[in-house]
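These numbers were taken from a predicted model, which means no experiment stands behind them. In what follows, every heavy atom counts, from backbone to side chain, and hydrogens, waters and symmetry copies are set aside. Each chain gets a letter, A, B and so on, in the order the sequences are listed, and its residues count up from 1.
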Number of protein chains: 2
Amino acid sequence: MKNHLPTIKEIAKQLNISVSTVSRALHDHKSIGLRTKMQVQELAKKLQYEPNQTAIFFQQGKTFTIGVILPELSEAFFSSAISGIEDAAHKSNYTVLLGQSHDSVEKEKQLIDTMKKHRVDGLLVSISKNTTDYSHFETLQRYNIPIVFFDRIPKISNIHYVACNMVNGTVQAVNFLFKKGHRIIGMINGPEKLPATKERLDGYIQALTKSRLKYDPALVINCDLTKESVCHATEKLLTGKRKPTAIVAFNDYVALDAVQQARKMKLRINKDICFVSYANLPISNYTAYPPLASVEQFPYLQGQKATETLIELLQKKSDDDTDVNNRTYYKIILESQLVLHDAK
Amino acid sequence: MKNHLPTIKEIAKQLNISVSTVSRALHDHKSIGLRTKMQVQELAKKLQYEPNQTAIFFQQGKTFTIGVILPELSEAFFSSAISGIEDAAHKSNYTVLLGQSHDSVEKEKQLIDTMKKHRVDGLLVSISKNTTDYSHFETLQRYNIPIVFFDRIPKISNIHYVACNMVNGTVQAVNFLFKKGHRIIGMINGPEKLPATKERLDGYIQALTKSRLKYDPALVINCDLTKESVCHATEKLLTGKRKPTAIVAFNDYVALDAVQQARKMKLRINKDICFVSYANLPISNYTAYPPLASVEQFPYLQGQKATETLIELLQKKSDDDTDVNNRTYYKIILESQLVLHDAK
DNA sequence: AAAAATTATGCAAACGTTTGACTGAATCAG
DNA sequence: CTGATTCAGTCAAACGTTTGCATAATTTTT
């Protein structure tokens, strides 16, 4: 039952020619006579010969595989991203090797190791929440495996990355509210240490300043994204001295929890209080009181761009045949954008 | 800048021993003296030697990789599934090679080919909507690559699969409604040709029969899952001769659209009309009028089980060293289960 | 007719690792 | 002291492919 797959050797033997001739014939090499070329190709077809890629990978030191490490595959944001990644990779004939870190640094390290072992040509990473030490990424340099980070990127400078800038989107969001007549605009922001939190705050302040509204720190409350802390923040905002008529929420989940809390407090959504947020749910259409608008972060696009960037790097690598670390780094920044929801 | 990675050969040369000794020393082979073993391991560490897996893959004809082909990575159901797959694979030291077919038969074929080329050890597939010809899967038999199908499985018998049986869940759903006092229960079902549609109908009829209610075909309307067809179906049900007080919807999306339509018709949700559906959204908590209950299909679990099954097959394969096609097929059926939602 | 160029093919090394078969030395039983 | 056993290690083949270099055969040029 040993079903030996046909190899180049066998073709050679059957045709009484050398393996190199067969190899070249299959590659349409010019130095092979038309006659033998035909013979080889015919027999190859007959035997349903298919080259053993593992041998080729090994021989060429290239696997046409890119590794992808994400925090959580089941999150809407990342599943869109991976979709973009896969599409872009497939287009350039690369394949995707996947791993999820579950936001554990330990697992992230393991995955890096696995990827290294599998000799992926390049790596796409969105780092885990808790990663602060980046040494495990550096080990990849020895292997000349380039990394492109996306969305969640390390706070170091000599890296390639693709990210979405939240400042602009936030400015748009606040402007939007301003134009609708809101003058007291609150914000339920995320955990302090997240870069994403800072960007939102920056945009918020920028927009206020431009509209000649004064920035009142009491109107911005951080939360840790749990339901309780969101409710708490909402309550605090809505019972504060200066009561906002609109709130910018850290993301859709936060917005939905805040809406619930506001309703509990007998406020009428979109009348007494309006919300805008940042998109991570595909379902705003279905919720009863969706935010008026969301800042879109284009996960699919981010994944796609990151992949294209990586593939470009790989291209360059094989062109120059030089070290990848040539001190020029891609920093690709997509602009977030406010998307208005249908007023039902 | 040619950063040659350390190999077994180099270690051998530096220590003036043969490569085989080094190899065995690194594998802790008993026939190697303690002294040399130590020396080798020490040098290996010092040089930061790591075996070249591509060489090993090639040499052993095994890649410790499983291929996964899904219709759509960004769909909640599949992203949960892939999460389960990755977790299970990682646990057994397998890695996941990913591809999405976008429900295109053509792309599905291409992916099969890619997976074959990469010499994955096994394959996990949820087939595209439009696949009716299964010959591309059969080509894998030559390569002795086992496939486990899950969720969307081909209608042929000599295959391994993991699926979730909807009959039981549907029975539970209808019973649940019956116990709540409903006597006229409608159903908005899916496209006729889908097996999933049939299972739901079977369960529906079974449950009715047991409760001694008569099955009235006018109360079951198929739709093609578009918003329009759902609205149309809902309207037809709710203006029919026998007006249902409860409706079983094909899935959460359908339910939400149906709810919208019902509200348009001035019916009070959960008073005039109740809904139950099948879970694919993680957000029922947030919607204004979620279905009373959902039949859960456990995508994460399905992915996990499928992976475990595949790995078991791979185990067997290497044990027996015999052909995988030994005429015994795993058919693993998870039972769907009704999950009640919090009444808010 | 000799030299040069072209065409078609073969040889063998290389990629890094594993592994069965073999060898030489030391140890041990009787 | 001989033969068997264990120990420590080496040799070389094998996995399938690519590719630089050599070679042989043929044709073209001078």
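Rounded to an integer number of Å, the gap from A/D28 CG to C/dT9 P is 14 Å. Counting to the nearest Å, the C1' atom of D/dG9 and the CG atom of B/L26 are 15 Å from each other. The distance from atom CE of B/M38 to atom C1' of D/dA8 is 17 Å, rounded to the nearest whole Å. A straight line from NZ of B/K13 to P of D/dT10 spans 15 Å, rounded to a whole angstrom. Put simply, NE2 on A/H29 is 12 Å from C1' on D/dC21, counting in whole angstrom units. Between the CD1 atom of B/I32 and the P atom of D/dT6 there is a distance of 18 Å, rounded to whole Å. Following rounding to the nearest Å, A/K37 (NZ) and C/dA8 (P) show an atom-to-atom distance of 8 Å. The CZ atom of B/R35 sits 19 Å away from the P atom of D/dC7 (whole-angstrom rounding).
In this structure B/E50 satisfies the salt bridge (charged side-chain N to carboxylate O under 4.0 Å, His left out) test together with A/K116, sequence neighbours excluded. Scanning for side chain to side chain contact (heavy atoms under 4.5 Å, CB included) contacts around A/E72 gives A/S74, A/E75, A/Q100, A/H102, B/S83, with sequence neighbours left out.
Residue B/T36 has a polar side-chain atom (N or O) positioned under 4.0 Å from OP1 or OP2 of D/dG9.
Taking the screw axis at each terminus of the helix from C/dA1-D/dT30 to C/dG30-D/dC1 from five consecutive base pairs, the angle between the two is 50° to within rounding of 10 degrees.
Aromatic ring centroids of B/F137 and B/F149 lie under 6.0 Å apart.
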How does protein contact run along nucleotides 14-21 of chain C, one letter per nucleotide 5' to 3', with B for base contact, S for sugar-phosphate only, - for none, heavy atoms under 4.0 Å? -BBBBBBB
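In the model, B/T131 has a side-chain atom that pairs as donor or acceptor with a side-chain atom of B/S128 under 3.5 Å. Checked by atom type, the side-chain pair B/D151/B/Y161 shows no donor-acceptor distance below 3.5 Å.
Pairs of residues two or more places apart, or lying in two chains, that qualify as side-chain hydrogen bond (donor to acceptor under 3.5 Å, both in side chains) and include a residue from residues 10-21 of chain B are B/S18-B/S20, B/S18-B/T21.
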Run the side-chain donor-acceptor check on residues 59-66 of chain B: report pairs under 3.5 Å with partners two or more places apart or on a different chain.
residue	atom	partner	partner atom	Å
B/K62	NZ	B/Y94	OH	2.8
B/T63	OG1	B/T65	N	3.4
B/T63	OG1	B/R119	O	2.9
B/T63	OG1	B/D121	OD1	3.4
B/T65	OG1	B/T63	O	2.9

I would like to know whether A/K109 and A/D113 meet salt bridge (Lys or Arg N to Asp or Glu O under 4.0 Å); could you show each step before the answer? CA-CA 6 Å; A/K109 281 186 188 163; A/D113 212 58; over 6 Å; no
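The closest donor-acceptor contact from the side chain of A/H160 to the backbone of A/Y330 lies under 3.5 Å.
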